[in-house]
There are 2 protein chains.
Amino acid sequence: MCHHCNYEELLSGADLEATPNRVRVLEVVGDNRFPLSASDIYKILERSSTINRVTVYRILDRLVENGVVERISTGGRAFYYGLAPNDYHQPHPHFYCKMCGQMDCLSPESLTVDTEALWKTYPGRIDKVEVRIDGICKNCEKRQTE
Amino acid sequence: MCHHCNYEELLSGADLEATPNRVRVLEVVGDNRFPLSASDIYKILERSSTINRVTVYRILDRLVENGVVERISTGGRAFYYGLAPNDYHQPHPHFYCKMCGQMDCLSPESLTVDTEALWKTYPGRIDKVEVRIDGICKNCEKRQTE
DNA sequence: AACCCAATGCAAATATATTGCATGAAGCTG
DNA sequence: CAGCTTCATGCAATATATTTGCATTGGGTT
C-alpha cells in the first residue's frame, strides 16, 4: 500500500461503502506503480479469490465516478486505471508502449503543460487534461534489435 | 478540400497508391474541421457510394501507418481520425465532449506543452505526444440546464 | 415480519475492431 | 500472350472490451 493512502478511508471519503471487493480492487490499482487494464486487475484479483469480471468493471466505474480512480486512455483498445490525483499524487503524464502495452507513469515535471489560458477561456466544462506519450519502451526497443 | 492539400499527392508522397477508395476516405478525413470515428467515416462514404466497413478500417490503418492520418484516442471507446500533422497542420490538442462524443481541434497555442526535456532524456522511442481535454462542450452544457 | 436498496453474479447483448479467405484487376516475366 | 504475383477490396466469421438485464443475497428500515 502507498504509505499515504488508507484505502478504506479513501473509499468512505468518496462516499463509497468500503465493501471487500471495492477494497480489493482499489488495493490492486493503488499498489501498482503503473496503471492497469480492467482485465489485468481482474486476473490479479482472481488469483487470490473469485470475483466476477462484471463486478470489476462496475467497481471501477464507481471509483472513477467518485474521483478515487482515474480512467486513462491508451493508444490501444482498452482503458487503463490508476489512482486519481489527490493531495499525495499529482497529475502526471503517461507513456504507453505500443508493443507490450505497458503504461508507465512519468514524473509530473518531465513535461510541463500550461493549461491556465485554456481553463480561463474555454467555453465548455473541462474535467481533465490527459497527456500521453506513445512509443516503444526501452525493453521492447532492445528486444527488437536482438 | 483544404486548399493546401492535394489528397492524391499526399497519398503518393506517402508511398500509397491513390486508389479511389483511399482518396475518398482521405477526403472525408481531411475535409472535416474535427476528427471522426471510423464509423462516422463509413457512414459518410456510404451516402455517396457503397464501400465495405472493413475496407474503411484497413485504409485508415494504412494511412496511419504511413503518417498521412493520425489516430486519436478519446475518452470513449472508439478511435477518431484526423489529418496527421504536416507542414500546413501543426500538432494540436483536442477537446472531447463526453456527452455528445464530438471532438474539437483546439488551436496549437491554446495549450503549451514543453516536451523538449522529455525527448532528450526518455530512454525509449517516442512517436507521439497526445494531449486531450475531456469535458462537456458548450452546447451539451446548455442543453443540460434547459 | 415485510420492505427496500445496494452489491454482486451470471448470461446475454453490444460496440468496435480484426482475421481469414475469395475474387478480380494491374503489372511483370518468360 | 499465358502464367504468375501482388495488392485492394469484399464478405463472413471471429475477437476483444465493455455493458445490460435480470436474479439473488444480505443489511438496514419501517
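Each chain gets a letter, A, B and so on, in the order the sequences are listed, and its residues count up from 1. Heavy-atom basis, side chains included; hydrogens, waters and symmetry copies ignored.
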Check [Y] with [X], please: is the shortest side-chain N to carboxylate O separation under 4.0 Å?
X	Y	answer
B/Glu46	B/Lys43	no
B/Glu141	B/Arg143	no
B/Asp127	A/Lys98	yes

Please identify the 5'-most and 3'-most nucleotides of DNA chain D with any atom under 4.0 angstrom from a heavy atom of chain B.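 Listing 5' to 3', DNA chain D meets chain B from D/dA8 to D/dT19.
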
Any donor-acceptor pair under 3.5 Å linking the side-chain atoms of [Y] with those of [X]?
X	Y	result
B/Tyr7	B/Asp31	yes
A/Thr19	A/Arg24	no
A/Arg132	B/Ser73	yes

DNA chain D contacts among residues 71-82 of chain A, heavy-atom distance under 4.0 Å: A/Arg77, A/Ala78, A/Phe79

Applying side chain to side chain donor-acceptor pair (under 3.5 Å) to A/Arg58 and not counting sequence neighbours gives none

Which distance, rounded to the nearest 0.5 Å, do you find between the CZ of A/Arg22 and the CG of A/Leu10?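 The CG atom of A/Leu10 is 13.5 Å from CZ of A/Arg22, to the nearest 0.5 Å.
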
Kindly write out the residues that satisfy side chain to side chain contact (heavy atoms under 4.5 Å, CB included) with B/Ala117, not counting sequence neighbours, or none if the list is empty.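 Not a single residue meets the side chain to side chain contact (heavy atoms under 4.5 Å, CB included) criterion with B/Ala117.
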
Taking side chain to side chain contact (heavy atoms under 4.5 Å, CB included) as the definition, give me every residue that meets it alongside A/Pro85, ordered by chain and number, with sequence neighbours left out.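 Partners of A/Pro85 by the side chain to side chain contact (heavy atoms under 4.5 Å, CB included) criterion, ordered by chain and then number, come out as A/Glu70, A/Pro91.
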
Using a 4.0 Å cut-off on protein heavy atoms (strictly under), produce a 5'-to-3' string for nucleotides 5-10 of chain C with B for base contact, S for backbone-only sugar-phosphate contact, and - for none. --SBBB

